[in-house]
Amino acid sequence: MNRFFQKEVLLIFLVIAIGGVFRFYKLDWGQGLFTHPDEYHIVTSVNQLSFPTQMHPHFFSYGTVTIYLIYFTQEFFNFLSAIHNSQFIIPNTFIIGRFYSALFSTLTVFIIYQISRLFMNKDLSYTAAFLVALTPGLIQQAHFATPESIQTFFLFLSLFFMIKFIKRDLILNLAVSSI
């Protein structure tokens, strides 16, 4: 691994880490109060699910991927707790949803870097990723258990593969973009 490549990886890692710090910092803010109305509805929908008897979330404003992702993560933590005789701390639905928002928002910084690399030089790509890492609206949305951050990630991921298809005409990129 040459020195230039190491510097490049270190720099993008630093930009992503900066974005991650801003997104993951204080996910439990608000003292458990629902300051975003959709966050309340999503957490309520997750809490009413019970596999396999009651899997109808009764909330379809944004689709159900986020609701089921949070629910099955919570079930996974319940499973771990049962295996370890309740010595495993189970995060609440609220925190799990906010974690996923922060995670996908942080991953969006990297996707923006990758998209900009297809059009610009490395310096401008770092700048684009850095600006996304510091964008207040994206940081704010990453602190809510809502699907906006997850949808933004998948939108840009799809765009990335679509651009790669247009540039290289590889049908696999089109298939991944479509999925």
Side-chain angles (χ1 to χ4, degrees), residues 16-17 19-112 114-115 132-133 135 137-165 170-179:
I16 293 168
V21 165
F22 284 121
R23 285 157 174 78
F24 281 99
Y25 176 72
K26 205 113 169 86
L27 285 182
D28 62 346
W29 71 277
Q31 301 169 343
L33 300 174
F34 296 101
T35 56
H36 193 292
D38 292 336
E39 188 174 50
Y40 167 77
H41 292 298
I42 287 172
V43 169
T44 301
S45 295
V46 169
N47 288 337
Q48 72 181 352
L49 297 178
S50 176
F51 186 79
T53 57
Q54 201 320 76
M55 293 304 292
H56 191 302
H58 301 284
F59 182 68
F60 300 101
S61 295
Y62 293 109
T64 56
V65 172
T66 305
I67 294 169
Y68 291 129
L69 180 65
I70 296 168
Y71 173 74
F72 284 112
T73 301
Q74 192 172 30
E75 287 299 304
F76 176 73
F77 282 120
N78 289 335
F79 173 75
L80 288 179
S81 178
I83 290 175
H84 297 291
N85 297 325
S86 298
Q87 296 172 353
F88 195 81
I89 297 172
I90 302 171
N92 64 27
T93 308
F94 200 54
I95 297 299
I96 293 171
R98 287 182 174 187
F99 169 81
Y100 278 124
S101 288
L103 175 68
F104 282 103
S105 184
T106 304
L107 293 173
T108 301
V109 174
F110 181 68
I111 293 298
I112 293 297
Q114 291 294 327
I115 290 172
V132 169
T135 301
L138 296 176
I139 294 168
Q140 179 187 16
Q141 284 302 316
H143 280 82
F144 293 119
T146 58
E148 281 88 352
S149 296
I150 298 170
Q151 289 174 338
T152 301
F153 169 76
F154 283 111
L155 173 80
F156 280 110
L157 185 66
S158 179
L159 178 65
F160 171 71
F161 283 107
M162 182 58 69
I163 293 168
K164 284 185 74 167
F165 168 71
L170 182 63
I171 197 72
L172 179 64
N173 289 327
L174 181 63
V176 171
S177 176
S178 300
I179 291 171

Minimum heavy-atom separation for [X] and [Y], please, with both atom names.
{"X": "Ile42", "Y": "Ala145", "result": "CD1-O, 3.5 Å"}
{"X": "Tyr71", "Y": "Phe51", "result": "OH-N, 2.7 Å"}
{"X": "Leu27", "Y": "Ala102", "result": "CD2-CB, 4.1 Å"}
{"X": "Pro147", "Y": "Thr66", "result": "CB-OG1, 3.2 Å"}

Query - Side chain to side chain, Phe104 and Leu69, heavy atoms closer than 4.5 Å - result: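 A side-chain contact under 4.5 Å exists here.
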Query - Thr73 side chain reached by Phe99 side chain, heavy atoms, under 4.5 Å - result: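 With C-beta onward as the side chain, the pair stays apart.
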Interatomic distance, [X] atom [atom1] to [Y] atom [atom2] [nearest 0.5 angstrom]:
{"X": "Leu138", "Y": "Gln141", "atom1": "CG", "atom2": "CD", "value": "8.5 Å"}
{"X": "Phe77", "Y": "Asn92", "atom1": "CZ", "atom2": "CG", "value": "11.0 Å"}
{"X": "Leu174", "Y": "Ile179", "atom1": "CG", "atom2": "CD1", "value": "10.0 Å"}
{"X": "His56", "Y": "Ser45", "atom1": "NE2", "atom2": "OG", "value": "10.0 Å"}
{"X": "Ile70", "Y": "Ser101", "atom1": "CD1", "atom2": "OG", "value": "7.0 Å"}
{"X": "Phe110", "Y": "Ile115", "atom1": "CZ", "atom2": "CD1", "value": "11.0 Å"}

Query raised in the report: Quick one: do the Thr146 and Asp38 side chains pair a donor with an acceptor below 3.5 Å?
Result: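 No, because no side-chain N or O of Thr146 sits under 3.5 Å from a partner of the opposite role on Asp38.
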Can you list everything that forms a side-chain contact (heavy atoms from CB on, under 4.5 Å) with [X]? Sequence neighbours excluded, please.
{"X": "Ile139", "result": "Phe22, Arg23, His143"}
{"X": "Tyr68", "result": "Leu49, Met55, Pro57, Thr64, Phe72"}
{"X": "Gln140", "result": "Phe144"}

**Report entry** side chain to side chain donor-acceptor pair (under 3.5 Å) partners for Asn173, two or more places apart
**Finding:**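 Asn173 satisfies side chain to side chain donor-acceptor pair (under 3.5 Å) with no other residue.
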Query raised in the report: For Thr108, what residues pass the side chain to side chain donor-acceptor pair (under 3.5 Å) criterion, not counting sequence neighbours?
Result: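 Listed in chain order: nothing, the list is empty.
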Please set out all donor-acceptor pairs under 3.5 angstrom arising from side-chain atoms of residues 149-164, sequence neighbours excluded.
residue: Thr152; atom: OG1; partner: Glu148; partner atom: O; Å: 2.7
residue: Ser158; atom: OG; partner: Ser177; partner atom: O; Å: 3.0
residue: Ser158; atom: OG; partner: Ser177; partner atom: OG; Å: 3.1

Query - Backbone of Tyr40 reached by a side-chain donor or acceptor of Thr44 within 3.5 Å - result: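 Judged by distance alone, yes, a pair lies under 3.5 Å.
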